[in-house]
Amino acid sequence: MEEFRNIGIIGRLNSNKVVETVKRLSRFLTDEGYYVILDERIAEVIPGHNMQISKVNLLGEICDLVIVVGGDGSLLGAARALAKYHIPVLGINRGRLGFLTDISPDDNMCDEVMAVLQGEYTSEMRFLLDAEIKRDGNPIGSAAALNDVVLHPGKSARMIGFDLYIEGQYVYNLRADGLIVSTPTGSTAYSLSGGGPIMHPKLDALVLVPMFPHTLSSRPIVVDGKSEIKIHIDGDLDIYPTVSCDGQTHIPCAPGDVMTIRKKAHKLKLIHPKSHNFYEICRTKLGWSSNLGD
């Protein structure tokens, strides 16, 4: 088991509950003899904390563990920044669902965190995606995603035409509102809303989910996680689509652009309390086994 001494804390902004949780957590860790480093953005709203502050990227270099206080969106942002440092990340849920941030900020929060720090945890590696957009053969933008890469019409309500290739093999030309390319981590997010399957996080697979395709036969496709996905946007479109990564990074595209999606070299090391159970989370968060009369 790893020894955690230098602990970074990242908190979602614009939330009083997050600020209170960060204050409580940082005081507890300091009292227990751990060295706490705050992300510079959350530190700005906690005056008089007397702790070291750091940019998110530097946390990956100087910390043994980073704790993210917020929702899954907060952890997605941290994952993209920290994956290359191979630093473990632990989530405390101050969002709505909490598929990734699985420690509750209740009275037992500090006890659960301490158990993790003493080695009572499980860890798993979650892979990310790299998306690159080229125009006339020249790169114009790139971004990473832990959940999904989504081609969509942006502000337009028009459909997009595109050719899909998987591992260099032509799949189809589709007219649709777009396409979701999701990791197993993202299979319980936007992909699920679009009719995609739930995939266990340990799977090395991708799911491609057409968004409102103009055909009755287009269905989600699950492919090997090492597959290279290539999307050629039709050159005769009269709209300018957008590529969004995790719903947080957006790249404007043009007719004729080509997007390539492949697995990122670095993975996120996500750690959980010993009590973590993926299926229990699905039951709780997605309302499985509940009756309409309950």
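Note: hydrogens, waters and symmetry copies are ignored here, and every other heavy atom, side chains too, is used. If you're wondering where the values come from, they're calculated on a predicted model, not measured in any experiment.
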Distance-only donor-acceptor check, side chains E228 and Y165, under 3.5 Å: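 Side-chain D/A pair, E228 to Y165: absent.
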Nearest non-hydrogen partners of L38 and A43, listed with the distance: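 Heavy atoms only, the tightest pair is CB-CB, 4.1 Å.
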Closest heavy-atom pair and its distance - F4, Y34: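 Taking every non-hydrogen atom into account, O-CE2, 3.0 Å.
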R94 and T101: CA distance, side-chain angles, deciding distance, side-chain hydrogen bond (donor to acceptor under 3.5 Å, both in side chains) verdict: CA-CA 8 Å; R94 269 300 184 185; T101 50; over 6 Å; no
Cationic N near anionic O, under 4.0 Å, K226 to D204: yes
Salt-bridge present (R262, D130; N to O < 4.0 Å):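 D130 and R262: not salt-bridged.
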Face-on cation placement of K263 at F127 ring, 6.0 Å and 45° thresholds: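 Yes, K263 lies over the aromatic ring of F127.
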Partner of F99 by side-chain contact (heavy atoms from CB on, under 4.5 Å), out of N93, L286, T185: L286
Verdict with supporting geometry, R5 and D64, salt bridge (Lys or Arg N to Asp or Glu O under 4.0 Å): CA-CA 6 Å; R5 299 309 310 173; D64 306 310; over 6 Å; no
Partner residues of H152 under the side chain to side chain donor-acceptor pair (under 3.5 Å) criterion, sequence neighbours left out: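 Partners of H152 by the side chain to side chain donor-acceptor pair (under 3.5 Å) criterion, ordered by chain and then number, come out as S244.
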Under 3.5 Å, side-chain donor or acceptor atoms of residues 83-91 against the rest of the protein: list the pairs with distances, not counting sequence neighbours.
{"from": "Y85", "atom 1": "OH", "to": "N57", "atom 2": "O", "distance (Å)": "3.4"}

Contact list for residues 144-166, test salt bridge (charged side-chain N to carboxylate O under 4.0 Å, His left out), sequence neighbours left out: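 Pairs touching residues 144-166 that pass the test: R158-D238.
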Atom pair CG/CG of L146 and L75 - distance to nearest 0.5 Å: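 Taking CG in L146 and CG in L75, the distance rounds to 7.5 Å.
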